[in-house]
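We use all heavy atoms of the structure for the numbers below, so side chains are in, but hydrogens, waters and symmetry mates are not.
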There are 2 protein chains.
Amino acid sequence: MRISYDTNMHELSVGATLYKSVKRQILAGLASGEWKPGEVIPAEKRLSQQFGVSIGTLRKAIDELVAENILIRHQGRGTFVAMQSRDHHLFHFFSVVRQDGERASPSVSLVQFSKGKADKEGCERLGISSTAKVFRLTNTLSLQGAAVQIDEITLPEALFAGLTEAQLRNRPSTLYSLYQVDFGLNVIRISERIRAALASAAQARLLNVKPHSALLETHRTAFSYNNQPIEYRVSYLNTAHHEFAPREV
Amino acid sequence: MRISYDTNMHELSVGATLYKSVKRQILAGLASGEWKPGEVIPAEKRLSQQFGVSIGTLRKAIDELVAENILIRHQGRGTFVAMQSRDHHLFHFFSVVRQDGERASPSVSLVQFSKGKADKEGCERLGISSTAKVFRLTNTLSLQGAAVQIDEITLPEALFAGLTEAQLRNRPSTLYSLYQVDFGLNVIRISERIRAALASAAQARLLNVKPHSALLETHRTAFSYNNQPIEYRVSYLNTAHHEFAPREV
DNA sequence: TTACATTTGTTCGTATGTATA
DNA sequence: TTATACATACGAACAAATGTA
């Protein structure tokens, strides 16, 4: 058998290999909302025909997406778009524990909501221009009744068009679930950097500590498919009775 | 073409699938020392013949071992047994980066070495009695010439019998390499908790900061096989120009 | 309960591309 | 240049799990 590869047929210009191209096309389908979390995507055979590649190539593309926890395969049932439930978001992305090791889910309270421009670092992390409009919100997180963390969150207006304060106050689940359900934005990865800082007067008031207490300052960028940054947040944690617990390695 | 699968030929009794069986056989070769860290293993074609499987099946077995960082493939050169080198320990367990994101390896300086008893938390983390003897050492870590972190390390004497100050000062590589080479203790997992703290006078002097500056305080327990704790350390990081970078999730 | 269609999982073998020594 | 080794791609056959008629 003679096999000839006509690369032009498959638009291989960027990622160089065919299966990477297929992977990108599947990711595009996810990003566009064509296939939503929890739903089943078309069968391998059908997708391979649709993309004009062999079943093996299609499987290799899906293999990588499964390894990245973006798709989930069930033999005999199909391949599904991974769903990030409240619990997933909570225990996957919330790393604060009590000093005795006890984990609990925080109760969130919105203290400020406005529209404006992002600061310099926010623009960089979100990959937006310094003139772009953003939503800015401030939350306090309470554990066992006491406020222990302040979250200052920046969201690009281009991605969260129409977001309202009421929407935030009335949301039934986590913020990341709201991103998913109301805006089709799935947080699949976060990148964090942690520093120590001294509490400002305003922070001290919110957290009920003395000014110039030591706080844990975390800068987080949250990404969706295709490494698109969708949220930038700076958090301030009172570590008098709680700690930050990174993933074990 | 007629394909018949004679499962008995491949000893599939345990892992159920052929490639899993091949994977186990490769792992056995590694454990037996047939192929040593840093060495190249036989070519895929040769291994597939040796195990009596197709090249695709052999590749699938190796795929998983590569994903687990047990083997490393180099196109055109061969497949190598992964080595846990200085760099592995460094970049796997050292999470401090400069605020511009630049990573560098720290230069370590021993400032104190003694034998005594562990504090309460040290005893708990190491699972030893409050009367057990331990080694206590204090290091400063410098990046770009300036001290940025203090490490206070506690080691059970039962595991590190005969450890000397000279041994620590003259070690050619990382501390964890010394554990491995001189005491046969492999650090395979660490558990950390992070707080913010105010610098004491002594800490301020070592890190060249003002007393009551904010420092990042990390409590780490290092484990060997079978979840045996072998080291407890408390670190104090000056985050004026550096940050703690957890694994991305 | 059984039979069947559908879907993913595993295995085979071959051809060709790309990187390295 | 040549040989070797891994990387990508094709397609076929069969196995196992699942849901449904």
*Hey, are B:Q167 and B:D182 close enough side-chain-wise for a donor-acceptor pair under 3.5 Å?*
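B:D182 vs B:Q167: donor-acceptor pair found between side chains.
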
*Can you name the closest pair of heavy atoms from A:P37 and A:A82 and give their distance?*
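Nearest heavy atoms, A:P37 then A:A82: CB-O, 3.6 Å.
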
Could you tell me how far apart [X] ([atom1]) and [N] ([atom2]) are, to the nearest whole angstrom?
{"X": "A:L58", "N": "C:dT10", "atom1": "CG", "atom2": "P", "value": "16 Å"}
{"X": "B:L18", "N": "D:dA16", "atom1": "CG", "atom2": "C1'", "value": "16 Å"}
{"X": "A:F80", "N": "D:dT18", "atom1": "CZ", "atom2": "C1'", "value": "10 Å"}
{"X": "A:L71", "N": "C:dT8", "atom1": "CG", "atom2": "P", "value": "11 Å"}
{"X": "A:I72", "N": "C:dT8", "atom1": "CD1", "atom2": "C1'", "value": "14 Å"}
{"X": "A:Q49", "N": "D:dC10", "atom1": "CD", "atom2": "C1'", "value": "15 Å"}
{"X": "B:K20", "N": "D:dA15", "atom1": "NZ", "atom2": "P", "value": "21 Å"}
{"X": "A:I55", "N": "C:dT8", "atom1": "CD1", "atom2": "P", "value": "8 Å"}

*Counterpart residues, side chain to side chain contact (heavy atoms under 4.5 Å, CB included), relative to A:S95 (two or more places apart)*: A:F244

*Verify, without hydrogens or angle tests, whether B:E192 (side chain) and A:E248 (backbone) share a donor-acceptor contact under 3.5 angstrom.*
no

N/O to N/O distances under 3.5 Å, protein versus nucleotides 1-7 of chain D:
from  : atom 1 : to    : atom 2 : distance (Å)
D:dC6 : OP1    : B:T79 : N      : 3.3
D:dC6 : OP1    : B:T79 : OG1    : 3.3
D:dC6 : OP2    : B:E44 : N      : 2.8
D:dA7 : OP2    : B:R59 : NH1    : 2.9
D:dA7 : OP2    : B:R59 : NH2    : 3.1
D:dA7 : OP2    : B:R73 : NE     : 3.1

*How about A:F160 and A:F135: are their ring centroids closer than 6.0 Å?*
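Judged by ring-centre distance (under 6.0 Å), A:F160 and A:F135 do not meet the cut-off.
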
*Is it true that A:E243 and A:R98 make a salt bridge, defined as a side-chain N closer than 4.0 Å to a carboxylate O?*
no

*OP1 or OP2 of D:dC10 under 4.0 Å from side-chain N/O of A:T57*: yes

